[in-house]
There are 2 protein chains.
Amino acid sequence: MEPNRFERLAPTPTYQRVAEAIENDILGGKLQPGDRIGTEADLVRQFGVNRSTVREGIRLLEQGGLIRRDQSRRLYVSLPRYNRLATRVSRALVLHQVTFREVWEAAMTLEAATAEAAAARATAEDIAALEDNLARMAGITDHQAFCEADSDFHALLARVSKNRVLELAREPVGLLFTPTLKMIMDQVASAGPRNLEAHRHLIEACRSHDPATARDWMRRHIADWRRGFEIAGKSLDDPIERTFAAHLGLPGAYR
Amino acid sequence: MEPNRFERLAPTPTYQRVAEAIENDILGGKLQPGDRIGTEADLVRQFGVNRSTVREGIRLLEQGGLIRRDQSRRLYVSLPRYNRLATRVSRALVLHQVTFREVWEAAMTLEAATAEAAAARATAEDIAALEDNLARMAGITDHQAFCEADSDFHALLARVSKNRVLELAREPVGLLFTPTLKMIMDQVASAGPRNLEAHRHLIEACRSHDPATARDWMRRHIADWRRGFEIAGKSLDDPIERTFAAHLGLPGAYR
DNA sequence: AAATCGACTTTGTCGGATAAACCGACAGGC
DNA sequence: GCCTGTCGGTTTATCCGACAAAGTCGATTT
């Protein structure tokens, strides 16, 4: 058989072109975040297509986070939320059956860099927020709540790093870690205290603006997680279980 | 007025619930990638809603990459593509007006970790692919094509790292780097040769399975980029220009 | 000025319709 | 046997029209 000489010839569906047209105006700066987009009827008029078609196009943008509806359901331009993006990335990783080893290795890199940057740039306010989280966490006995607080701590630290690229890159890894930490805590008694100790040292490193120490403690912290994972009898080379993904889907993934 | 004591009580629109229902089956493993989803008429029957509603729900999943249509336009479950996710993340970063400094810092971390892992795990085949890219790149004079080949090299190296979490985390950074490299090459004559030299050393480090050297050269490589950037007269603390995002949107962001 | 009310607007969902594209099968020509 | 043209049945993309619920907004009342 002949090799492929020609591209597939497929006209772009109208609803996609509607979405692209609006997206281009947003990316091009003609529409700023916060700007209102017309009503569906307006778009029908402007694009000269049916309302159903407009609505399908809007769904695409809405799902991509570029536009949103306020409580009155009117459309306006919006900034995609990190949260949503991170959720999608996490889900994709799970569906691609990445292993814990991959996640762990990435966490080692990303969390360490985050901690380093955070230590370099933490303000007094930042440190207060971290302290606050630590205090709250120390008082929690419920494992689930503890894990969520831990997750918050790392997200907070990423915020403190003042590097939004790192912050966003780290987020999916954090989402995948949290449910496993719960599992570890259920089986390894020392996990909680060690966790708190690491956080304490991380805050201390931030306070003294000591990136090297922050990095060091974070690496220890992540290494601890791995040890706990193995003690709990899990293999690093197993793909992440689907059950962890269910936790990622709901609720309001499309809100 | 009282502060908000209760959540806003809003029923989830039907089209979202359609999307969530299908998504749950996918995340729960009841639907595997490759499985066909019924026709729209089937879904209409199963969910007991109107076809327009089904279609709006389908758009959400389609845009999220969880389902796709083959050339016959029938629906089937699919794995979200890295490419698409990375594009969305990059766009979000641009819209959030992250600075080059943030991107650069993240690249330093991510690319270095990627190179390290790649050097540790490269097979003979991997190295051949990298060599191939290098040879091709050495023969290119057009700046645009050169930059694209450079982008391919880094993507390839990430593939070689055999860590899909790192690979995916790195991708958006790569997308943001590429257009700036073009700009640098247009103004700094030495950029091309230095680029090639770094790639050559990285391949060499992969061949001798020397992660430390790979890391080192990658850091130098990224540092070079920064120097070029500054020589070209740009400030690291400026937000990434929107024009770079236009390059990210098209074409077929929704295909 | 604040609360209230009613007309108007907009969205979410629905039922139905048409043209075009796709698929599979089948017949005829080489 | 392989290729091509044709035909009917499916499925999708788009359109039209309609209606109830929820939101908006200005006029009215307190």
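Per chain, numbering begins at 1; letters A, B, ... match sequence-line order.
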For atom CG of Leu75(A) and atom P of dT11(C), their distance in whole Å |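 Spelled out: CG on Leu75(A) to P on dT11(C) is 6 Å.
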Taking CZ from Arg68(A) and P from dT11(C), how many angstroms apart are they, rounded to a whole number?
->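 After rounding, the reported distance stands at 17 Å.
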So, [X] and [Y]: side-chain donor and acceptor under 3.5 Å apart, yes or no?
X         : Y         : value
Ser235(B) : Asp237(B) : no
Thr99(B)  : Glu102(B) : yes
Asn163(B) : Ser161(B) : no

Nearest-nucleotide comparison on DNA chain D, the residue closer to the 5′ end among Gly48(A) and Ser72(A) |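 Checking each residue's closest nucleotide, the 5'-ward one belongs to Gly48(A).
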In terms of the nearest nucleotide of DNA chain D, which residue is placed more toward the 5' end: Glu40(B) or Val54(A)?
->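 On the 5' side of the pair lies Glu40(B).
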Contact under 4.0 Å: Arg55(A) side-chain N or O vs dG12(C) OP1/OP2 =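 Affirmative; the distance criterion is met.
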According to a strict under-4.0 Å criterion, is Thr14(B) in side-chain N/O contact with OP1 or OP2 of dT13(C)?
->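 Looking at the OP1 and OP2 atoms of dT13(C), one of them is under 4.0 Å from a side-chain N or O of Thr14(B).
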Thr39(A) or Arg73(B), whichever maps to the more 5' nucleotide of DNA chain C |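 The answer here is Thr39(A).
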Nearest nucleotide by nearest heavy atom, which residue falls closer to the 5' end of DNA chain C, Arg51(B) or Gly38(A)?
->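 Per heavy-atom nearest nucleotide, the more 5' residue is Gly38(A).
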Is Thr114(A) reaching over with its side chain to a backbone N or O of Glu167(A), donor-acceptor style, under 3.5 angstrom?
->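 The answer is no, because no donor-acceptor pair under 3.5 Å joins these two groups.
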Indicate, with a heavy-atom threshold strictly under 4.0 Å, whether Arg17(A) touches base, sugar-phosphate, or nothing.
->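 Answer is nothing: Arg17(A) stays at 4.0 Å or more from every strand.
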Nearest to side-chain heavy atoms of [X], which nucleotide of [options]:
X        : options                   : result
Asn50(B) : dT24(D), dT13(C), dC14(C) : dC14(C)
Arg69(A) : dG15(C), dG12(C), dT24(D) : dG12(C)
Arg59(A) : dT13(C), dG12(C), dC14(C) : dG12(C)

